[in-house]
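Following: one structure in structure tokens, then a few remarks.
For this chain, numbers begin at 1 and follow the sequence in order. When a ligand or atom number is given, it counts from 1 through the structure's own listing order.
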Amino acid sequence: MEAAYSKLWLDYKPLDITFSGSLAIRCLKGVRRDCAAVSELITALSALLPQAELTFGADSASYIVELDIGGYLGPEDYTLSADERGATILGGSETGLLYGVFAYTRELITEGGFTRISRRVSPALPLRMLDHWDNADGSIERGYSGSSFFFKNGELIISDRTVHYARLLASVGINAAAINNVNVRGDAVRFITPDYYRKLDMLGDLLERWGIKLYLSVDFSAPMSVGGLPSADPLDPRVQSWWKDKAAELFRSVRGLGGFLVKADSEGQPGPYAYGRDHADGANMLARAIQPYGGKVIWRCFVYNCSQNWRDTRTDRACAGYNTFAPLDGRFDDNVILQIKNGPMDFQIREPVHPLFGVMKQTNTAAEFQLAQEYTGQQLHVCCLIPMIKEILAFKTYNGRDKDTVLDMISGAAAVSNTGDSFCWTGSELAGANLYGFGRLCFEPSLPAEDILDEWISLTFGQNEELKEKLLFILLGSRDAYESYTVPLGLGWMCKPNHHYGPDPWGYEFDRWGTYNRADRDAVGVDRGPGGTGYSELYYPPLSDIYGSADTCPDELLLFFCRVPYTHVLKSGKTLIQHIYDSHFEGCEQAEEFARLWRSLEGSLPEQVFKNGCERFREQLRCAAEWRDIVNAFFHRLSGIPDEKGRKLY
Ligand code: GCU
């Protein structure tokens with residue numbers, strides 16, 4: 001029977017070398033022969049060198065891979081040294097060793113054989129997490145890759161796919177996974193009841209073998225929905241003791257449990273506000289319940305008023321997260337990690353970096369990204385997010401610390417997963433690069449985007465220089481293209497309401513979600529400067545000054561921060577309106593070029609991959625043309641200003 005899923009970048013093929021000697025694995029200092037690192041090494045070596053005889057510990061072997069645990073290393077660190085005669089992989093624990101084995105395997109494949117290596121690696125971020133928005137019924141919120149492979153009709157599924165999932169995550173260093181949607185609904189409310197413990201325990205144990213902690217999204221009002229109490233007030237002793245008992249039961253019953261992920265007081269989810277308490281009260285109450293078991297609470301900062309009156313121009317959704325959490329800095333327990341979306345709105349193609357990253361100096365924080373391409377083409381459009389994630393991590397907050405970038409401030413990163421039960425896991429093969437790259441970046445953020453993608457292409461599609469060059473061109477240009485033909489200059493939104501796919505310039509303009517473009521016949525954009533909503537003031541200088549004025553605001557964020565007339569001249573020397581027209585035409589041309597390049601790869605890619613890509617590019621081009629023509633027509637009709645180049649604007 002054909003497999004129901006692709007092995008992605010772990011599909012090891014024989015290396016193109018002649019090696020007729022014998023291979024040996026030698027396990028030192030109590031490295032257990034049945035640990036994941038050893039089994040992974042056996043899987044890799046026997047696939048890469050199928051003709052070689054593989055044994056354990058034979059000194060006479062022509063190539064020996066020695067596995068060892070080094071007490072002086074951090075548990076997830078590894079060192080790797082190799083030459084033509086053998087390799088030594090040393091891990092700080094069996095997990096570090098596993099990471100070392102994956103790194104070694106990568107090296108064998110990308111180098112095409114045994115090579116000299118010497119390196120010591122420690123992961124940059126202690127928490128490297130995937131957040132699945134999978135529902136108990138098997139659907140996935142904002143899922144573009146089929147149904148859930150975790151759940152079906154309220155049941156938790158554990159299969160060989162789950163094992164492969166764990167291997168994929170471990171291979172890029174992801175060490176935590178929240179398996180259910182942050183909007184906890186339906187049967188998911190009962191995941192923290194004995195009904196699910198047996199399966200959760202099996203899953204937690206499976207994941208832990210691959211160094212991954214299991215997290216559950218929990219309902220803040222569980223003391224009521226599960227426990228039958230009259231309240232979920234975090235300061236009520238009955239509520240506190242309910243959570244303490246629940247935590248004791250859960251951690252006793254489920255191996256490998258890492259803790260809870262919580263969306264509270266956000267888009268209808270219950271939270272501490274109902275009881276006049278704040279988010280520190282809410283998060284700490286849960287944190288204290290799970291602290292004895294080493295558990296962590298990942299508490300989301302996506303809190304805003306989603307019932308805004310569009311007529312109100314003073315209230316600004318962009319300020320909400322900051323205003324809610326900045327005053328609470330220093331009040332969170334050590335085992336609380338605030339999870340902050342990369343920008344202040346909601347995963348648009350371009351947003352400024354969230355101002356909370358700079359200001360939360362006494363709180364553990366993690367950055368949240370969205371690999372699920374909700375607003376970035378829903379995995380039908382190619383949109384590689386690796387350069388964007390790198391940009392955000394490297395962003396200087398100017399908060400007065402010597403080390404002041406986002407990466408310096410956070411201790412973790414989480415990404416809304418783009419996976420599902422489609423054959424290639426991510427709907428589109430090219431979207432797999434985002435999953436791979438996210439993990440690699442959390443571990444080694446200094447890796448250039450190009451190197452990560454180069455590696456991903458080699459591991460996934462093999463070593464073919466022409467293929468690599470073309471795929472790199474597509475992937476590295478894809479974000480710019482998407483931004484150009486949708487909503488450039490930081491304006492965002494303008495997508496169709498609810499499902500968020502395709503253009504609708506006024507789709508959210510008179511709605512309650514706080515996402516407005518304020519376009520009229522003279523000007524467009526939101527004034528978030530000191531004379532406007534004041535959002536720009538939430539940054540440290542010089543950023544507050546730079547963002548606060550149209551003269552200094554970078555073009556790519558201009559309409560996020562400023563309201564400017566269509567005749568405003570950008571730093572590029574073009575007028576705003578001409579830039580809007582040009583960028584839509586250019587973005588579409590870029591997308592056409594990507595599609596042309598992809599079509600030229602027929603024969604260099606597996607047929608199924610090629611065909612899937614062709615279909616997706618066809619849709620991307622159709623949709624990009626809609627964006628171009630609708631957004632350009634919208635601004636043309638409002639402004640009455642013709643295109644300098646005389647193109648048709650409808
Ligand atoms: C977006 C998305 C929702 C999701 C929310 C969140 O608004 O559209 O489906 O629940 O983000 O991050 O919680």
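The aromatic ring centres of Trp493 and Tyr375 sit less than 6.0 Å apart. Here Phe325 and Tyr322 keep their ring centres 6.0 angstrom or further from each other.
Exactly one of Tyr197, Phe150, Phe151 qualifies for a ring-ring contact (aromatic ring centres under 6.0 Å, His included) with Phe191. That residue is Phe151.
Considering only residues two or more places apart in sequence or on other chains, Asp265 meets the salt bridge (Lys or Arg N to Asp or Glu O under 4.0 Å) condition with none of them.
Using modelled atom types, one side-chain atom of Gln379 and one backbone atom of Thr426 make a donor-acceptor pair closer than 3.5 Å.
Relative to the ring axis of Tyr196, Arg190 does not place its NZ or CZ within 45° and under 6.0 Å from the centre.
A heavy-atom cutoff of 4.0 Å around ligand 1 is satisfied by the protein residues Trp133, Glu141, Arg142, Val182, Asn183, Lys263, Glu267, Arg300, Phe302, Lys341, Asp346, Glu374, His500.
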